[in-house]
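Have a look at the structure below, then the notes.
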Number of protein chains: 2
Amino acid sequence: MALRPAAPRGDTRQQIQQHAITLFARAGYAGVSVRDVAAEVGISAAALYHHFPDKQALYLAAMEHAFARNESGILAALESELSPLERLNCFVTGFAALAARDEEFRKLMQRELLDGDETRLELLAGHVFRQPHAAIVALARELAPDLDPYMLADSVIGLVLFSFQTAPLRRHLAGRAERPERPERPEDIARHVMTLLARVFAHQDSP
Amino acid sequence: MALRPAAPRGDTRQQIQQHAITLFARAGYAGVSVRDVAAEVGISAAALYHHFPDKQALYLAAMEHAFARNESGILAALESELSPLERLNCFVTGFAALAARDEEFRKLMQRELLDGDETRLELLAGHVFRQPHAAIVALARELAPDLDPYMLADSVIGLVLFSFQTAPLRRHLAGRAERPERPERPEDIARHVMTLLARVFAHQDSP
DNA sequence: GTCTATAGCCTGATAGAC
DNA sequence: GTCTATCAGGCTATAGAC
């Protein structure tokens, strides 16, 4: 230790990626300039171009980094030995926690759904959605064989994510007096979603 | 008639708004230049500035136009004299049809949820969400008094919208062989959502 | 690996003729 | 109401010194 001056290592590239994630999540691809990212890192734009060939490559690398850092956590909950409903609960709880914890990740997903070309959608699918989605489809088949498992899987993910998407709109919707100022805790969202889903699955068990 | 040359009236302003909606929905505020809009309309950028003081005002006017043109349709379904569940069904069906019919409108909503400042979120809430949301909250209170009506209202809207949001991701998710090529008809989405919700509400009626 | 400097283009916005 | 011409500044990306 103490061999290196003060802060940085040879990881300028990773630092750039990290700041790029922050800015791209906040303002989107077109809303962020290469200069913006460089300034945030504390280097010149020319220096940044030493690490990435162009803006597109920087963006792609940032996305890959943002998606990869959440890859492991999502799937784990779905692979345990618990009962189907308990596995679903683990996923919903974990996914809500993730969406709350890594807002940049969530916003980048939303932006890709709007702007992503085939390359970037494939990146998003491969790193984030494909495996959990398949696992939830399988779960859906077990829990509600009479429903379309694909649509149901979409719905599960959508129920969790939409609560976060609409968060900025909330205070414009309710009468402030009537609506208590809720901090939108991810546990509350997860519990709500699981309440709905439990009823959906319970229905056919006692028709 | 035949008093006017060929096509245009004094509605250049509206034509600009219409093309602005198209472009802003496709690429977002930062991704569209004033020149882009002008070119699409077939006039110069300077001419456009005769109708709007600056880009921001153009964007706001375009949003207002896009939101206002869908204002009336959304609420109607919720105000009929049908039973609560039937009213909900009318809303879900109508909202899904709207989301499918006016993709620009849907994308602009998504973009505002990501980028909207307080002014623009208030615009979105006032024109699109406030009244239907309140009506669904009231419906939720009737149909499931033991659930949080606000979260439930969010969930209803989210269930419908998320299916459209994730549409571009679909073909990257499923094994093509396993997954039939579905054109994602809004009726199918509405029926699926209502199947889920009917089970949610049925549960307490026969516990 | 970082800098300054700069090329070449695009941007929002304006001036003034018609 | 529309145009051409233009401004000042920002953009991506590169060149070349250190």
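Below, read A as the first sequence line, B as the second, and so on, with proteins coming before strands; counting in each chain starts at 1.
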[X] has an atom [atom1]; how far is it from atom [atom2] of [N], in whole Å?
X	N	atom1	atom2	value
B:Ile43	C:dA13	CD1	C1'	15 Å
A:Gln56	D:dA13	CD	C1'	14 Å
B:Leu48	D:dT2	CG	P	10 Å
A:Tyr49	C:dC3	OH	P	15 Å
A:Phe52	C:dG1	CZ	P	12 Å
B:His51	C:dA13	NE2	P	16 Å
B:Asp54	C:dT11	CG	P	17 Å

- Item | Short side-chain N/O contact to D:dT4 OP1/OP2 from B:Ser44, under 4.0 Å |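 Checking B:Ser44 against D:dT4: no side-chain N or O falls below 4.0 Å of OP1 or OP2.
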
- A:His50 vs C:dT2: side-chain N/O to OP1/OP2 distance below 4.0 Å: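 Indeed not, no polar side-chain atom of A:His50 lies that close.
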
- Query: For B:Arg69, what residues pass the side-chain contact (heavy atoms from CB on, under 4.5 Å) criterion, not counting sequence neighbours?
  - Reply: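 Expected list: B:Gln18, B:Ile21, B:Asp102, B:Glu104.
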
- Just jot down the side-chain hydrogen bond (donor to acceptor under 3.5 Å, both in side chains) partners of B:Glu187, sequence neighbours excluded, or say none.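 Testing B:Glu187 for side-chain hydrogen bond (donor to acceptor under 3.5 Å, both in side chains), a comparison that skips the adjacent residues, returns B:Arg185.
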
Which residue pairs pass the salt bridge (Lys or Arg N to Asp or Glu O under 4.0 Å) test when at least one of the two sits in [range], sequence neighbours left out?
range	value
residues 155-167 of chain A	none
residues 108-117 of chain B	A:Arg111-B:Asp115, A:Asp115-B:Arg111, B:Glu112-B:Arg120
residues 23-49 of chain B	none

- The contact string for nucleotides 6-11 of chain D, one letter per nucleotide 5' to 3', using protein heavy atoms under 4.0 Å with B, S and - for base, sugar-phosphate only and none, comes out as B----B

- Message: Distance alone, cut at 3.5 Å: any donor-acceptor contact between the side chains of B:His172 and A:Glu118?
- Response: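 Present: a donor and an acceptor within the cut-off.
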
- Message: Do the side chains of B:Arg130 and B:Glu122 get close enough for a salt bridge, i.e. N-O under 4.0 angstrom?
- Response: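 B:Glu122 and B:Arg130: salt-bridged.
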
- Message: Taking side-chain hydrogen bond (donor to acceptor under 3.5 Å, both in side chains) as the cut-off, I'd like each qualifying pair that reaches into residues 72-82 of chain A, sequence neighbours left out, listed once.
- Response: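 Counting only pairs at least two positions apart or across chains, no side-chain hydrogen bond (donor to acceptor under 3.5 Å, both in side chains) contact touches residues 72-82 of chain A.
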
- Message: Among residues at least two apart in sequence or on other chains, which ones pass ring pair (Phe, Tyr, Trp, His ring centres under 6.0 Å) with A:Phe52?
- Response: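 Partners of A:Phe52 by the ring pair (Phe, Tyr, Trp, His ring centres under 6.0 Å) criterion come out as none, since no residue qualifies.
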
Under-3.5 Å N/O pairs linking protein and nucleotides 15-18 of chain C:
none

